[in-house]
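Heavy atoms only: backbone and side chains are in, while hydrogens, waters and symmetry mates are out. All ligand and atom numbering here is 1-based and tracks the order in the structure.
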Amino acid sequence: MSHAEQKHWELETDVIVIGCGFAGATAAITASDAGAEVLMLEKAPKEHRGGNSRVSANLVFWPTDVERAKVYFTGLAGTYMDNIPADMLQTWAEGMHENRAWLEGLGMDPVEFPLCEFPEIDGSDCVRVLMHGKGDYGQERLWKLIAGKLDARPVDIRYETPAKRLVRENGSIVGVIAETEGREIAIRARRAVVLTCGGFEANPEMVRTYLDGLPEIYPDGSPYNTGDGVRMGIEVGADLWHMNNVSGPILSFKAPEIEVAHWINLPHCNSYMFVGADATRFTREGEPCSVGDRHGKVLRNGVWVQQPIPAPVHMIFDETMRAFGPVGSAHADWDVSHGNRYDWSKDNLREVEKGWIVKADTLDDLAAKIGLPVAKLKESVARFNMFANAGRDADWDRPADRMAPIETAPFYAMKLTPAFVNTQGGPRRDKEARVISTEGAPIPRLYSAGELGSIYSYLYQGGGNIGECFAFGRIAGRNAAAEAPMN
Ligand SMILES: Cc1cc2nc3c(=O)[nH]c(=O)nc-3n(C[C@H](O)[C@H](O)[C@H](O)COP(=O)(O)OP(=O)(O)OC[C@H]3O[C@@H](n4cnc5c(N)ncnc54)[C@H](O)[C@@H]3O)c2cc1C
């Protein structure tokens, strides 16, 4: 930050909100309703606004009771609870509980969706997950409602205008340097700046730096979420938290020609298994494939851990499974949401032809084609078939009715890659949604909300991120608007 940047403010407002997802929209609505002039910066063009929020399942975790929510949140955080202060826990629980009334006030028609991901954790009786109106989950219904409320406010939204740097003067954040049409502009914030620009899923370098065991992973959501808020926070001395926690990984398929990963489909035909780089099984197949299934965490030796991904991972299956139904889906949320739908063939033959699925007459040939040790792959298939025939998976406890021998030639292999719905880390915030410095003090006039610096540190309950966006978005917007204006 240079003095030149500070002296040539091209725009001025009370509150700058950076990023137009649920967190940013909530902060902007709240600040605007509190009487502040609000300018929102959004990196994406208008038709791609909404980040992960728009393409998400649009489900909101609503705890029925504040005290039970505190117990459940504490159970979800486990050992990581020691860096979440008691006042933050209280605010988190209260804010999530208050969401329902706030959303109903905006016109939400709350319909309950059955999704309690950790029923065995104390406090789980408080879990309710809401969607807006009847129908399938997702479908952008809640996003459209909230975006409509944002558009109804006098908020100046600048699209294709990414924030690049925060401007700091005498310790306080006083503005933002953004980029528009290839040049930088300085925008002054008389009251405060709110960071709501999402996670770092689409920044492979940050992913490799902060996340263990996931050297290659693809986002299910917004390609615009490249960790800019993490970088901007670091530049002004923010402390970071929860950087190693993600919602995922979920084993998916990534076609070379398509930017995003597709979820896989495991039809109720069961002659398939997953193997890792050494051609052995590493999991109870099926468990890491769905976000509704503990969001990528699996139980190992009595402890929930992130699903290990011994890449390259292959799904091995036989002709019976090939003919049974599609093993891939059109469900790549970001793409589908923006009109690009890949229709997977019902018999998987188009994908075999494309080379996405490798075919061979024998297991020997299949192993050779995909570069796995032949003897080991045959041994793994033989072992799997023995378990399938015996009706008991002695290695991974896959349910007997979900196993069938892989025995009908030809044989197939599809390479799987992990994907994830979001990262949770970013600048640490406190119960007032203030960004906290490495020295432990709030950075004056800097707030944050949402997935950037999320409170989720370990286990994750579906609907929790969007709930947090609303809860802390309101706090950030209210407090930013209440800052005394600088001269
Ligand atoms: C497929 C999928 C399903 C999910 N389902 C659910 C669910 O049902 N319930 C739930 O609670 N959570 C769900 N999640 C997670 C949840 O959607 C996100 O954590 C949450 O929506 C994040 O909201 P946000 O406002 O913090 O960020 P986002 O909604 O991602 O918005 C961030 C915005 O910031 C913009 N931006 C980035 N960098 C800059 C910059 N430098 N300057 C300006 N703008 C910038 C981005 O373009 C984006 O528009 C899901 C996620 C995915 C991908």
Between [Y] and [X], does any NZ, NE, NH1 or NH2 come within less than 4.0 Å of an OD or OE carboxylate oxygen?
X	Y	value
R429	E468	yes
K149	D151	no
E67	K70	yes
E12	R190	yes
R54	E47	no
K134	D109	no
E483	R191	no

Under 4.0 Å from a heavy atom of [X]: give me the atoms of ligand 1 that qualify, with their elements.
X	answer
L59	7 (C), 8 (O), 9 (N), 10 (C), 11 (O)
L41	43 (C), 44 (N)
G198	27 (O), 32 (C)
Y224	37 (C), 38 (N), 47 (O)
G51	28 (P), 29 (O), 30 (O), 31 (O), 48 (C), 49 (O)
G464	11 (O)
G21	25 (O), 29 (O), 31 (O)
Y460	10 (C), 11 (O), 12 (N)

Within the structure, does [X] bring an N/O atom to less than 3.5 angstrom of an N/O atom in ligand 1?
X	value
N52	yes
W263	no
G462	no
A57	yes
A44	no
F22	yes
A23	yes
G221	no

Could you pull out, from [options], the option with a heavy atom nearest to [atom]?
atom	options	value
atom 23 (O) of ligand 1	S53, A449, G450	S53
atom 3 (C) of ligand 1	A202, A25, S56	S56
atom 49 (O) of ligand 1	M232, Q424, E42, R49	E42
atom 26 (O) of ligand 1	E468, E451, R158	E451
atom 53 (C) of ligand 1	V17, V421, T423, D228	V421

Region of [X] that comes within reach of ligand 1 [heavy atoms, distance under 4.0 Å]:
X	result
C20	backbone
F200	neither
T196	backbone
V60	neither

| Row check, Y218 ring normal vs K254 NZ/CZ: under 6.0 Å, within 45° | yes

| field | Cationic tip of R100 above W62 ring, under 6.0 Å, 45° of axis | value | yes

| At their closest point, which heavy atom of V327 faces which heavy atom of N348, and how far apart are they? | N-OD1, 2.9 Å

| message | Does Y80, at its OH atom, have more than 12 non-hydrogen atoms belonging to other residues, nucleotides or ligands within less than 6.0 Å? | response | no

| Candidate list K164, R165, K43, test salt bridge (charged side-chain N to carboxylate O under 4.0 Å, His left out), partner D228, passing option | K43

| message | Ring centroids only, cut at 6.0 angstrom: are Y460 and H295 within range, meaning strictly under it? | response | yes

| Passing candidate, side chain to side chain contact (heavy atoms under 4.5 Å, CB included) with R474, options N479, T26, I29 | T26

| request: Kindly assign one of parallel, tilted or perpendicular to the pair W356 and Y342, based on the angle between their ring planes and the thresholds 30° and 60°. | output: tilted

